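Beneath this line is the structure, given in structure tokens, with notes to follow.
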Amino acid sequence: SALVWPAFITLNGDNIEIDSIRMLGIKRLGVHMKGANARFTNSEVDGNLPPLGMPTMSPSLTFHVGVMYDNEVGASGGCLVQGNLFRRCNSGFNPANYSAGDLEAKNVRSIGNRYEECVDHGIYSNYAKDFVSDGDAFWRCRLGVVMTGPRNTVTNFTVDTDCANLGAAN
């Protein structure tokens, strides 16, 4: 990838699988997965950011992300994020392509996750194709879901009234 971020766990390659881990107090990026057919399931990621509206917040929280997925250039993609708790990150889950070449993360699924007190987004998809968010819950996130790209879907979600917005952009 053209950019490098310090991640607690960085995995490159196909058929990545992470299950049942607990990450507390991550400083910047919890997990960075790059490749095809990645899975992040049944885990907890706590970004340790202060709650929304706190005056102590840093003005720049870019890439304070629970899980980032970046498919390989030209790859078919494929990422499943299911049954996780993302708490107090700037963004809980961020699928995108950070490499030169193909412009979208492909075939990404966020299913049955809970996003709590994400300072900016529960899910932020920079540019994805065929992204599905199904059965996700958002509690006290500034924005629940932001997606750009073709054929993206949000279904069966639960949102707390403290969330400012929930929607898909295309």
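Here the structure is a predicted model, which is why all the values come from computation and not from measurement.
Note that CD of Glu44 and CZ of Arg22 are 4.5 Å apart. Values are rounded to the nearest 0.5 Å. The structure places CG of Asn12 at 7.0 Å from NE2 of His32, a figure rounded to the nearest 0.5 Å. The CZ atom of Arg114 lies 9.0 Å from the SG atom of Cys141; values are rounded to the nearest 0.5 Å. Interatomic distance, Leu143 CG to Ile123 CD1, rounded to the nearest 0.5 Å: 12.0 Å.
In this structure, Ile9 and Met23 approach most closely via the heavy-atom pair CD1-SD, 4.4 Å. Heavy-atom minimum distance, Val45 versus Cys89: CG1-SG, 4.2 Å. Nearest heavy-atom pair across Asp130 and Arg109 is O-NH1, 2.7 Å. Heavy atoms only, all atoms of each residue included: Ala38 and Met33 are closest at CB-SD, 3.9 Å. Considering all non-hydrogen atoms of both residues, Gly92 and Cys118 come closest at N-SG, 3.9 Å. Between Gly144 and Phe138, the shortest heavy-atom contact is O-CE2, 3.3 Å.
Hydrophobic clustering, with ILVMFWY side chains joined whenever heavy atoms are under 4.5 angstrom apart, groups Val159 together with Val145. Note on Leu85: it does not cluster hydrophobically with Phe93, by side-chain heavy-atom contacts below 4.5 Å among ILVMFWY residues. Transitive grouping of hydrophobic side chains (ILVMFWY, heavy atoms separated by less than 4.5 Å) keeps Val132 and Met147 in distinct clusters.
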Fill in: Steps toward side chain to side chain contact (heavy atoms under 4.5 Å, CB included) verdict (Arg151, Lys129)
CA-CA 6 Å; Arg151 298 188 305 268; Lys129 180 178 180 180; 2.7 Å; yes
Discussion item. Let's go through Phe40 and Ile21 carefully: what are the C-alpha distance in whole Å and the side-chain angles of both, what is the deciding distance for side chain to side chain contact (heavy atoms under 4.5 Å, CB included) to 0.1 Å, and is it a yes or a no?
Written reply: CA-CA 9 Å; Phe40 185 82; Ile21 65 169; 3.9 Å; yes
Item to complete: Go through the steps to decide whether Val81 and Phe86 satisfy the test side chain to side chain contact (heavy atoms under 4.5 Å, CB included), and finish with yes or no.
Response: CA-CA 11 Å; Val81 173; Phe86 296 94; 3.8 Å; yes
Discussion item. Asn113 vs Asn84, test: side chain to side chain donor-acceptor pair (under 3.5 Å). Steps then yes/no.
Written reply: CA-CA 5 Å; Asn113 298 293; Asn84 303 293; 3.0 Å; yes
Worksheet entry | Candidate pair Ser125 and Val108, rule side chain to side chain contact (heavy atoms under 4.5 Å, CB included), full reasoning | CA-CA 10 Å; Ser125 172; Val108 177; over 6 Å; no
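With Ser133 contributing its side chain and Val154 its backbone, the two residues share no donor-acceptor pair below 3.5 Å. In this structure, Ser43 contributes its side chain and Ser20 its backbone to a donor-acceptor pair below 3.5 Å. Between the side chain of Asp120 and the backbone N or O of Asn90, no donor-acceptor pair lies under 3.5 Å.
Taking Ser91 as the reference, Val65, His121, Tyr124 meet the side chain to side chain contact (heavy atoms under 4.5 Å, CB included) condition, with sequence neighbours excluded. With sequence neighbours excluded, the residues satisfying side chain to side chain contact (heavy atoms under 4.5 Å, CB included) with Asp46 are Leu24, Asn48, Arg87, Arg88. Applying the side chain to side chain contact (heavy atoms under 4.5 Å, CB included) rule to Gln82 yields the partners Thr41, Leu80, Ile111; only residues at least two apart in sequence or on another chain are considered.
With no hydrogens or angles considered, a side-chain donor-acceptor pair links Ser110 and Tyr115 at under 3.5 Å. For the residue pair Asp19 / Asn42, a side-chain donor-acceptor distance below 3.5 Å is found, with atom types taken as modelled.
Using a 4.5 Å heavy-atom threshold, the side chains of Trp139 and Thr158 count as separate.
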